[in-house]
Amino acid sequence: MKEAKLYFPHKLNNLIKLPSLFDNRVEIISPGCLPDGLTVESIKLGSAVVRNPFIANFCAKTMPYRGLGSGIIRALQEEPNIKFINEPVGMQFISVINRIADEGVNEGEGINEGINEGINELESLILTFLKKKPGAKGYEIAEYIQKGAATTERYLKSLKDKELIEYKGFRKTGGYYKK
């Protein structure tokens with residue numbers, strides 16, 4: 001989102017919307033389509049075109065930057081089913097991320113009802129993350145739920161007390177696992 005806002009003129013910035021949340025997906029719509037020579041398939045392979053070298057240089061020095069053209073690849077590593085839609089006619093680029101069902105974590109009925117009573121939204125999010133990434137470190141979980149270290153530790157302790165997660169391994173090399 002930050003990068004998208006930097007690359008467009010000020011009058012277009014208010015066209016960049018916050019992600020649209022739906023029951024089954026999240027959509028991020030950015031004004032402007034891919035520049036000439038780039039396709040959805042080529043950006044999945046890391047191809048990039050610098051539209052504005054001054055902005056690219058500024059971003060490299062001031063933002064968490066891991067290399068030109070690496071963002072799409074990193075996103076696909078986290079979620080391989082992201083769909084990218086280039087719409088030259090509508091002058092927009094859309095990223096669609098399917099949402100993963102929590103398999104009963106948020107449902108009021110069914111087999112998980114008794115197990116998941118008393119679990120709040122962030123705890124549910126942590127459980128979903130640990131299902132996708134067993135052995136995650138505390139800082140990875142904090143980054144995923146977008147909370148600080150102390151808040152994350154409090155939720156991890158709560159989940160451990162409820163015997164829903166466990167920490168395996170040594171302090172520096174271990175990680176959290178869903179039971």
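Nothing fancy with the numbering, it's 1 onward along the sequence. Both backbone and side-chain heavy atoms feed into the values below; hydrogens, waters and symmetry mates do not.
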Asker: Heavy atoms only: give me the nearest Val50-Ala56 pair and the separation to one decimal.
Answerer: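 In this case the closest contact between Val50 and Ala56 is CG1-CB, 3.8 Å.
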Asker: Heavy-atom count around Glu87 CD within 6.0 Å, excluding the residue itself: above 12?
Answerer: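 Yes.
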Asker: Checking the side chain of Glu140 only, and the main-chain atoms of Lys137 only, is there a donor and an acceptor separated by less than 3.5 Å?
Answerer: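 Such a contact is found between Glu140 side chain and Lys137 backbone.
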Asker: Once you round to the nearest 0.5 Å, how far does CD1 of Ile141 lie from NZ of Lys133?
Answerer: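 So the gap between those two atoms works out to 9.5 Å.
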Asker: For Lys44 versus Ile72, what's the shortest heavy-atom pair and its separation?
Answerer: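 It is CA-CG2, 4.0 Å.
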Asker: Could you grab the distance from atom CD1 of Ile97 to atom CG of Asn24, nearest 0.5 Å is fine?
Answerer: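 Separation between the atoms: 12.5 Å.
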Asker: Would you give the length of the straight line joining atom CD1 of Ile82 to atom CG of Leu76, rounded to the nearest 0.5 angstrom?
Answerer: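 One gets 5.5 Å once the value is rounded to the nearest 0.5 Å.
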Asker: Hey, is CG on Asp36 packed in by over 12 heavy atoms from elsewhere, all under 6.0 Å?
Answerer: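 Open.
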Asker: Counting only N and O atoms by type, is there a donor-acceptor contact under 3.5 Å from the side chain of Thr152 to the main-chain atoms of Gly148?
Answerer: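 Confirmed, Thr152 side chain pairs with Gly148 backbone.
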Asker: Quick one: which of Tyr167, Tyr144, Phe129 gives a ring-ring contact (aromatic ring centres under 6.0 Å, His included) with Tyr176?
Answerer: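 With Tyr176 as partner, Tyr167, Tyr144, Phe129 yield a single ring-ring contact (aromatic ring centres under 6.0 Å, His included), made by Tyr167.
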Asker: What are the two closest non-hydrogen atoms of Ala136 and Leu130, and how far apart are they?
Answerer: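 In this case the closest contact between Ala136 and Leu130 is CB-CD2, 3.9 Å.
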Asker: With side-chain contact (heavy atoms from CB on, under 4.5 Å) as the criterion, how do Leu127 and Lys131 come out once you've worked through the C-alpha distance, each side chain's angles and the decisive distance to 0.1 Å?
Answerer: CA-CA 6 Å; Leu127 291 173; Lys131 185 176 181 181; over 6 Å; no
Asker: State the NZ-NZ distance between Lys162 and Lys157, to the nearest 0.5 angstrom.
Answerer: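 The distance works out to 11.0 Å.
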Asker: What's the shortest heavy-atom distance between Ile94 and Gln92, and which atoms?
Answerer: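 Closest heavy-atom pair between Ile94 and Gln92: CD1-NE2, 3.8 Å.
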Asker: Please determine whether a side-chain nitrogen of the Lys or Arg among Lys160 and Glu166 lies less than 4.0 Å from a carboxylate oxygen of the Asp or Glu.
Answerer: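 A salt bridge is absent here (no side-chain N lies under 4.0 Å from a carboxylate O).
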Asker: Is there a path of hydrophobic side-chain contacts, each under 4.5 Å between heavy atoms of I, L, V, M, F, W or Y residues, that connects Ile85 with Met91?
Answerer: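 Hydrophobic grouping puts Ile85 apart from Met91.
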Asker: When you look at Val26 and Arg99, which way does the side-chain contact (heavy atoms from CB on, under 4.5 Å) test go after all the steps?
Answerer: CA-CA 7 Å; Val26 175; Arg99 297 180 78 181; 4.0 Å; yes
Asker: Count I, L, V, M, F, W, Y as connected when their side-chain heavy atoms are under 4.5 Å apart, and connections chain through other members. Are Leu125 and Tyr177 then in the same cluster?
Answerer: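 No: no chain of side-chain contacts under 4.5 Å links Leu125 to Tyr177.
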Asker: For Lys132 and Glu79: C-alpha separation, side-chain torsions, deciding distance, then whether side-chain contact (heavy atoms from CB on, under 4.5 Å) applies.
Answerer: CA-CA 10 Å; Lys132 279 177 43 177; Glu79 183 53 57; 3.9 Å; yes
Asker: List the atom of Val49, the atom of Pro35, and the distance in Å for their closest heavy-atom pair.
Answerer: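 Minimum heavy-atom contact is CB-CG, 4.1 Å.
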Asker: Closer than 3.5 angstrom, by distance alone: can the side chain of Asn86 be matched with the main-chain N or O of Cys33 as a donor-acceptor pair?
Answerer: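 Side chain of Asn86 to backbone of Cys33, a donor-acceptor pair under 3.5 Å: no, none is there.
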Asker: May I have the step-by-step check of side-chain contact (heavy atoms from CB on, under 4.5 Å) for Ile165 and Lys179, ending in yes or no?
Answerer: CA-CA 5 Å; Ile165 66 169; Lys179 281 189 173 182; 5.7 Å; no
Asker: Is there a donor-acceptor contact under 3.5 Å from the side chain of Ser42 to the main chain of Leu38?
Answerer: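 Here the side-chain-to-backbone pair does not exist.
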Asker: Would you tell me whether Glu123 and Ser158 have side-chain atoms, one donor and one acceptor, within less than 3.5 Å of each other?
Answerer: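 Yes - a donor-acceptor pair under 3.5 Å links their side chains.
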Asker: Keeping the roles fixed (side chain from Ser47, backbone from Ile43), state whether a donor-acceptor pair exists under 3.5 Å.
Answerer: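 Checking the backbone N and O of Ile43 against the side chain of Ser47, no donor-acceptor pair under 3.5 Å is found.
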